[in-house]
J.: 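First, the structure itself, so that you have it in front of you.
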Amino acid sequence: AAIAATKLRLPVQLHNERVDDMAMMGGREPMEVDYTVTCDNSGLISDVSMLYEADGGNDQAMSAGSLFMATAWSDGCYYTSGEFESKGNLIKTSKPGNSSCRAPGNLQSISVREIINEHVAMHLAMDINAVRELNFYQEGQTTPFGDLIGSSVFNWNVPELWSNLKQKANYEARREAVAKFNAENRYRKRGISMSPTKYGMGGDGYQIGTLLNVYASDGTVEVHHGGCEIGQGINTKVAQAVAYALGIPLESILVGENNTKINPNNGGTGGSGTSETAVQSALNACATLNATLEPYLAAHGGDWAKACKAAGSAGENLSITSFYMPSSLNPNPDSTTGFDYATQGAACSEVEIDCLTGEVQILQVDLDMDLGNSLNPAVDIGQVEGGFIMAVGYFLTEEVIQNSGEAQLNLGTWNYKPPCAYDIPQVLNVSLLAGNPNPGGVLRSKACGEPPMALANSVYLAVKDAIYSARADASTATGTDYTGFVQLPVPLTVQEISKACLATTSPMPL
């Protein structure tokens with residue numbers, strides 16, 4: 001566009017076809033991890049060492065942040081009493097520069113920690129949930145990064161979420177039903193798996209300005225904030241917060257244009273914390289406005305429209321600005337993460353696979369999230385559902401195929417496979433933990449955009465659970481031992497599932 005504009009001396013706008021965008025830009029960084037784990041015979045894990053290698057492509061500017069986030073979230077929900085090591089290398093290749101959208105790096109590392117649990121459980125012939133529960137953080141313990149679990153701001157609700165979800169999802173009975181189904185079927189198998197998540201959140205890097213204009217003629221309020229509405233519901237949350245703080249109907253609030261000419265010097269929109277920051281900035285502006293209008297509201301019996309008209313006639317400034325930059329609430333100055341709190345959750349997923357074709361049907365998913373006092377439950381539940389399904393694509397379908405020159409071959413959604421309607425669980429239940437306000441959150445809330453992503457590893461592990469049953473049948477049929485832990489790739493595509501099931505046509509005579 002710049003070359004054309006210089007040549008023609010005219011403004012030029014360039015619009016790429018989607019296949020060109022995909023050819024030019026990389027996606028979520030491919031990662032490999034080597035891990036070493038020490039545990040005892042009870043499944044208690046004492047030492048964990050992880051080395052991540054991330055393919056940043058030919059432009060590593062964004063991938064460095066993803067690798068940092070991979071290591072900083074890599075402890076998951078689990079305490080390590082001995083040595084804990086998590087480090088990484090960023091690899092430069094000739095591929096297009098990679099960059100993650102949503103939960104960069106930590107989608108991988110939180111899931112790796114769950115695979116470690118699976119590996120330990122398989123090695124010890126234990127139930128994987130027993131390994132998880134034995135190693136959960138307990139209040140008073142400190143993460144390897146210096147965050148105190150159960151502190152005055154960093155509350156700890158994973159054990160409660162886990163216990164609640166086991167009951168809500170009827171996990172034990174369904175586990176038995178899965179075993180019965182698998183005993184009766186050779187080429188269709190079911191699997192079920194639970195997983196938790198702890199997604200650290202902090203205020204570093206966020207700053208948002210607000211302009212609040214009150215129209216004195218009728219009391220209409222227009223709010224301009226410095227965030228970007230990209231489908232996460234930030235405009236809805238800001239409008240509701242303003243209505244709440246001013247005590248007026250939501251219908252009286254307009255969300256105006258988000259423009260740096262109006263609100264300069266904002267931080268970027270991302271990382272799931274922008275909505276909270278924008279809401280607090282708007283609340284600060286409302287506090288200033290309320291102080292200005294207080295005598296006029298008192299004089300007019302609390303009538304908002306009359307008070308605004310009187311204040312305008314008196315020459316009061318009804319255009320209010322504010323600027324908010326969160327400060328750290330972490331009580332430990334030595335914390336290396338900058339986390340103030342953690343959004344937490346648990347998932348239970350049940351799947352059915354076709355051992356011959358590798359086809360997957362997600363039968364049921366139950367999600368239970370701790371979002372504190374949600375800023376908007378309807379919006380946040382939508383974010384939980386959307387984040388989970390987006391990550392299902394990462395774990396099952398979104399394979400990137402490249403030629404020997406590292407150019408992507410499967411361009412466009414005809415060949416590249418994001419989740420579609422068939423990938424939505426047949427039953428999808430989402431609930432929010434009640435009665436647990438976030439001590440340090442804006443209006444006692446928690447972030448919700450990225451934290452649910454890693455819970456989709458429960459689908460991946462459920463598919464592996466089904467594959468293990470198929471491999472056990474193959475062992476019986478062939479006399480070769482195929483049981484035990486097996487490392488499978490992400491995404492776990494239909495081709496990989498079929499191959500891992502070891503199904504052949506030899507025991508199927510006509």
Side-chain angles (χ1 to χ4, degrees), residues 29 31 33-39 44-54 63-90 100 103-117 132 135-159 195-206 270-273 276 326-345 370 438-441 446-447 450-451 453-455 457:
E29 297 84 358
M31 285 191 184
V33 58
D34 289 325
Y35 58 81
T36 303
V37 178
T38 304
C39 67
L44 186 65
I45 297 172
S46 57
D47 304 282
V48 177
S49 176
M50 292 173 283
L51 174 62
Y52 290 88
E53 292 196 337
S63 296
S66 297
L67 185 58
F68 165 76
M69 292 181 68
T71 57
W73 274 258
S74 58
D75 59 321
C77 296
Y78 307 101
Y79 181 66
T80 304
S81 60
E83 294 294 324
F84 181 92
E85 181 181 54
S86 182
K87 56 186 181 181
N89 295 322
L90 191 56
S100 296
N106 52 38
L107 172 58
Q108 294 96 310
S109 64
I110 294 172
S111 302
V112 165
R113 188 60 188 81
E114 294 302 323
I115 292 170
I116 287 174
N117 291 335
R132 290 182 176 120
N135 289 281
F136 275 155
Y137 278 116
Q138 299 177 14
E139 290 192 4
Q141 293 176 334
T142 302
T143 73
F145 309 100
D147 301 313
L148 178 62
I149 298 294
S151 71
S152 58
V153 293
F154 203 110
N155 60 6
W156 184 236
N157 296 315
V158 163
S195 65
T197 193
K198 168 179 68 69
Y199 197 99
M201 287 295 304
D204 291 349
Y206 293 105
S272 300
E276 300 168 77
S327 57
S328 176
L329 301 173
N330 195 313
N332 183 0
D334 297 324
S335 170
T336 59
T337 62
F339 296 155
D340 294 331
Y341 67 87
T343 297
Q344 299 151 49
D370 165 29
N438 179 15
K446 290 187 175 184
E450 293 169 298
M453 293 279 284
L455 291 176
N457 63 47

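Excluded from the calculations below are hydrogen atoms, water molecules and symmetry mates; all remaining heavy atoms, backbone and side chain alike, are included. Predicted model only: the values in this text are computed from it and were never measured.
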J.: Tell me, with the steps shown, if F136 and W156 meet ring-ring contact (aromatic ring centres under 6.0 Å, His included).
T.: CA-CA 11 Å; F136 275 155; W156 184 236; 7.2 Å; no

J.: Spell out, as yes or no, whether a donor-acceptor pair under 3.5 Å connects the side chain of S151 to the backbone of F154.
T.: yes

J.: Once salt bridge (Lys or Arg N to Asp or Glu O under 4.0 Å) is applied, do any residues pair with R132, and if so which ones, sequence neighbours excluded?
T.: E114

J.: Are I110 and T197 packed together at the side-chain level, in the sense that at least one heavy-atom pair is separated by less than 4.5 angstrom?
T.: yes

J.: Is a side-chain donor-acceptor pair under 3.5 Å present for S74 with S86?
T.: yes

J.: Evaluate the side-chain contact (heavy atoms from CB on, under 4.5 Å) criterion for residues S195 and L455: first the C-alpha distance (whole Å), next the side-chain angles of each, then the deciding distance (0.1 Å), finally the verdict.
T.: CA-CA 6 Å; S195 65; L455 291 176; 4.1 Å; yes

J.: Once salt bridge (Lys or Arg N to Asp or Glu O under 4.0 Å) is applied, what residue pairs with a partner in residues 44-54 remain, sequence neighbours excluded?
T.: none

J.: Does Q344 use its side chain to pair, donor to acceptor, with the backbone of N157 at less than 3.5 Å?
T.: yes

J.: In Å, rounded to the nearest 0.5 Å, how long is the span from CG of L44 to OG1 of T38?
T.: 11.0 Å

J.: Might you work through the side-chain contact (heavy atoms from CB on, under 4.5 Å) test for Y199 and N106, ending with a clear yes or no?
T.: CA-CA 9 Å; Y199 197 99; N106 52 38; 3.1 Å; yes

J.: How close do A447 and Y341 get, counting heavy atoms only, and between which atoms?
T.: N-OH, 3.0 Å

J.: Working to the nearest 0.5 Å, report the span between CG of N135 and CG of N117.
T.: 6.5 Å

J.: For the residue pair E29 and S100, confirm or rule out a side-chain donor-acceptor distance under 3.5 Å.
T.: yes

J.: Would you name the heavy atoms of T80 and S46 that are closest together and state the gap between them?
T.: CG2-O, 2.9 Å

J.: List the atom of Y78, the atom of P196, and the distance in Å for their closest heavy-atom pair.
T.: OH-CG, 3.2 Å

J.: Between OG of S272 and CD of E450, what distance do you get to the nearest 0.5 Å?
T.: 3.5 Å

J.: How long is the straight-line distance from OH of Y35 back to OH of Y52, given to the nearest 0.5 Å?
T.: 10.5 Å

J.: From M31 CE over to Q108 CD, what is the distance, rounded to the nearest 0.5 angstrom?
T.: 4.5 Å

J.: Would you say N155 and K446 are linked by a side-chain donor-acceptor pair, where the criterion is simply a distance under 3.5 Å?
T.: yes

J.: Could you report the tightest heavy-atom contact between E85 and S49, atom names first, then the distance?
T.: OE1-OG, 2.8 Å

J.: Looking at every non-hydrogen atom in both residues, tell me the closest pair between K198 and G76 and how far apart they are.
T.: CE-O, 2.6 Å

J.: Could you walk me through whether F84 and M50 pass the side-chain contact (heavy atoms from CB on, under 4.5 Å) check?
T.: CA-CA 8 Å; F84 181 92; M50 292 173 283; 3.6 Å; yes

J.: Should R113 and D75 count as an ion pair when the cut-off is N to O under 4.0 Å?
T.: no

J.: Partners of Y206 by ring-ring contact (aromatic ring centres under 6.0 Å, His included), sequence neighbours excluded?
T.: none

J.: Could you pull out the closest heavy-atom pair between T343 and P451, with the gap in Å?
T.: CG2-CB, 3.5 Å

J.: Applying the side-chain contact (heavy atoms from CB on, under 4.5 Å) test to L148, which of T142, T143, V153 qualifies?
T.: T142

J.: Between W73 and F145, is the side-chain contact (heavy atoms from CB on, under 4.5 Å) condition met? List the steps.
T.: CA-CA 9 Å; W73 274 258; F145 309 100; over 6 Å; no

J.: Output the distance between atom CG (L107) and atom CG (N457), rounded to the nearest 0.5 Å.
T.: 8.0 Å

